[in-house]
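See structure below.
The analysis underlying the following values was restricted to heavy atoms, covering all of them including side chains, and did not include hydrogens, waters or symmetry mates. So that the names make sense, note that chain A is the first sequence line, chain B the second, and so on, each numbered from 1. Note that the coordinates shown come from a computational prediction; the quantities given were computed from them, not determined experimentally.
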Number of protein chains: 2
Amino acid sequence: MSFSTKGEYGVRLMVQLGRRYGSGPSSLAEIAAEEDLPRPYLEQLVMSLRDADLVTSTRGSHGGYELSRPPEQIPMIAVLRVLEGPIAPMICATDESAAAHEPTCDRTARCTVNFLWIRIRDAISTTLDGMTLADLVPERVPPIQPISLQESRHP
Amino acid sequence: MSFSTKGEYGVRLMVQLGRRYGSGPSSLAEIAAEEDLPRPYLEQLVMSLRDADLVTSTRGSHGGYELSRPPEQIPMIAVLRVLEGPIAPMICATDESAAAHEPTCDRTARCTVNFLWIRIRDAISTTLDGMTLADLVPERVPPIQPISLQESRHP
DNA sequence: TCGAATTCCGACTGAATCTGTCGGGATTAC
DNA sequence: GTAATCCCGACAGATTCAGTCGGAATTCGA
């Protein structure tokens with residue numbers, strides 16, 4: 001039972017974007033270097049985050065990615081759903097299609113076992129419900145003057 | 001983010017053993033048939049459960065498996081740890097080696113991100129801590145007379 | 001207008017894990 | 001002795017992981 005690196009890398013990417021929120025788009029190369037992650041792999045991840053409207057992209061030179069809204073308004077459960085798929089310890093206990101009660105419990109012990117998966121799922125969901133990206137972005141850099149960057153960035 | 005069928009099948013197996021607790025060993029073939037699961041696959045799972053001393057085996061004819069102790073004394077977290085490995089949403093957040101604080105947080109965003117994985121891990125752990133196998137074994141069959149079985153089992 | 005920087009996108013791949021299957025050996029009750 | 005059962009290791013197809021690669025499309029700035 002574990003998340004994959006998709007989840008880890010993707011969250012780290014989002015945290016970086018959270019720190020830079022308000023400074024315009026950041027290129028993937030920049031973030032990949034700072035987090036020491038393979039840029040082509042991050043590309044895959046950020047595309048799904050974009051499709052989910054969690055980040056927006058700007059093409060062309062000086063383009064990049066930025067959060068689609070402030071970190072406080074980005075629930076971590078949404079981030080993880082995009083990266084890792086629905087929070088479902090077992091197929092019978094999906095969180096997204098919670099309304100669609102499929103009667104997959106035809107065998108004897110299954111129904112009672114579902115109780116376990118649902119408890120686990122709910123535990124994760126409620127934990128994540130209370131968290132936004134802002135909780136993971138402690139050192140928020142205030143909108144920076146591009147002048148002060150120039151000297152310390154590329155020596 | 002999901003458990004594998006190891007977890008599902010294994011738990012279903014344990015529930016079956018819970019229902020039969022007190023009736024002597026049950027053969028795998030019996031349980032596999034009742035739960036409609038591949039017996040050779042269950043063999044693999046039950047061996048690790050045996051190695052973890054959650055079930056005991058009796059070899060030879062009329063042998064089989066049974067719980068090593070009553071369902072009330074079998075915490076579900078122990079069952080899932082055996083079947084699925086340590087409860088760790090990410091490598092940096094293992095539950096078993098919680099004492100060994102490895103300083104894997106050398107990069108910038110990692111430390112803050114660990115906070116997330118640890119919260120998730122703790123949510124699962126505390127949920128599971130309160131559950132034993134007895135919670136999943138509602139219809140407990142009292143020790144059965146082998147005579148009544150004989151006619152209804154193999155017609 | 002050209003070139004550099006960037007996103008966009010699909011295809012490919014080696015390794016690992018999942019989900020089993022198979023075949024036989026060891027042990028025990030009858 | 002024989003049938004039932006556990007024990008155990010090897011194998012294998014499918015899927016996912018964790019990337020890599022190459023190039024097309026877009027945009028900014030000189």
Please check if the side chain of Ser48(B) supplies one atom and the backbone of Val82(B) the other of a donor-acceptor pair under 3.5 Å.
no
What is the separation between atom CD on Glu8(A) and atom P on dC17(D), rounded to the nearest whole Å?
15 Å
Hey, what's the ring geometry for Phe3(A) with Trp117(B), parallel, tilted or perpendicular (30° and 60° as the breaks)?
tilted
Check this one for me: any side-chain N or O of Thr5(B) less than 4.0 Å away from OP1 or OP2 of dT19(C)?
yes
Who passes side-chain hydrogen bond (donor to acceptor under 3.5 Å, both in side chains) against Ser4(A), sequence neighbours left out?
Glu84(A)
Met47(A) CE to dC9(C) C1': how many Å, rounded?
5 Å
In the structure I gave you, are the side-chain heavy atoms of Lys6(A) and Gln44(A) within less than 4.5 Å of one another anywhere?
no
Salt bridge or not between Glu43(B) and Arg50(B)? Use side-chain N to carboxylate O under 4.0 Å.
no
Short side-chain N/O contact to dC17(D) OP1/OP2 from Lys6(A), under 4.0 Å:
yes
Quick check: do Leu80(B) and Val11(B) have side-chain heavy atoms less than 4.5 Å from each other?
yes
Going by modelled atom types, is there a donor-acceptor pair between the base of dC6(D) and the side chain of Glu43(B) at under 3.5 Å?
no
Taken to the nearest 0.5 Å, the spacing of Ser57(A) OG from Asp51(A) CG works out to 9.5 Å
Looking only at side-chain N and O atoms, does Tyr41(A) come under 4.0 Å of OP1 or OP2 in dC17(D)?
no
Can you tell if the side chain of Leu133(A) reaches within under 4.5 Å of the side chain of Val79(A), non-hydrogen atoms only?
no
Name the nucleic acid region contacted by Tyr9(B), choosing base, sugar-phosphate or nothing; use a 4.0 angstrom heavy-atom cut-off, strictly under.
sugar-phosphate
Protein-nucleotides 11-13 of chain D N/O pairs closer than 3.5 Å?
none

Just one of Glu35(B), Gln16(B), Arg20(B) clears the side chain to side chain contact (heavy atoms under 4.5 Å, CB included) bar with Glu30(B), so which one?
Arg20(B)
Between P on dC17(D) and CG on Leu45(A), what's the gap in Å once rounded to a whole number?
11 Å
Please give, in whole Å, the distance from dA4(D) P to Arg39(B) CZ?
12 Å
For DNA chain C, what residues of residues 50-65 of chain B have any heavy atom nearer than 4.0 Å?
Arg59(B), Gly60(B), Ser61(B), His62(B)
Name the closest nucleotide to the Pro38(B) side chain, picking from dT5(D), dG20(C), dC18(C).
dG20(C)
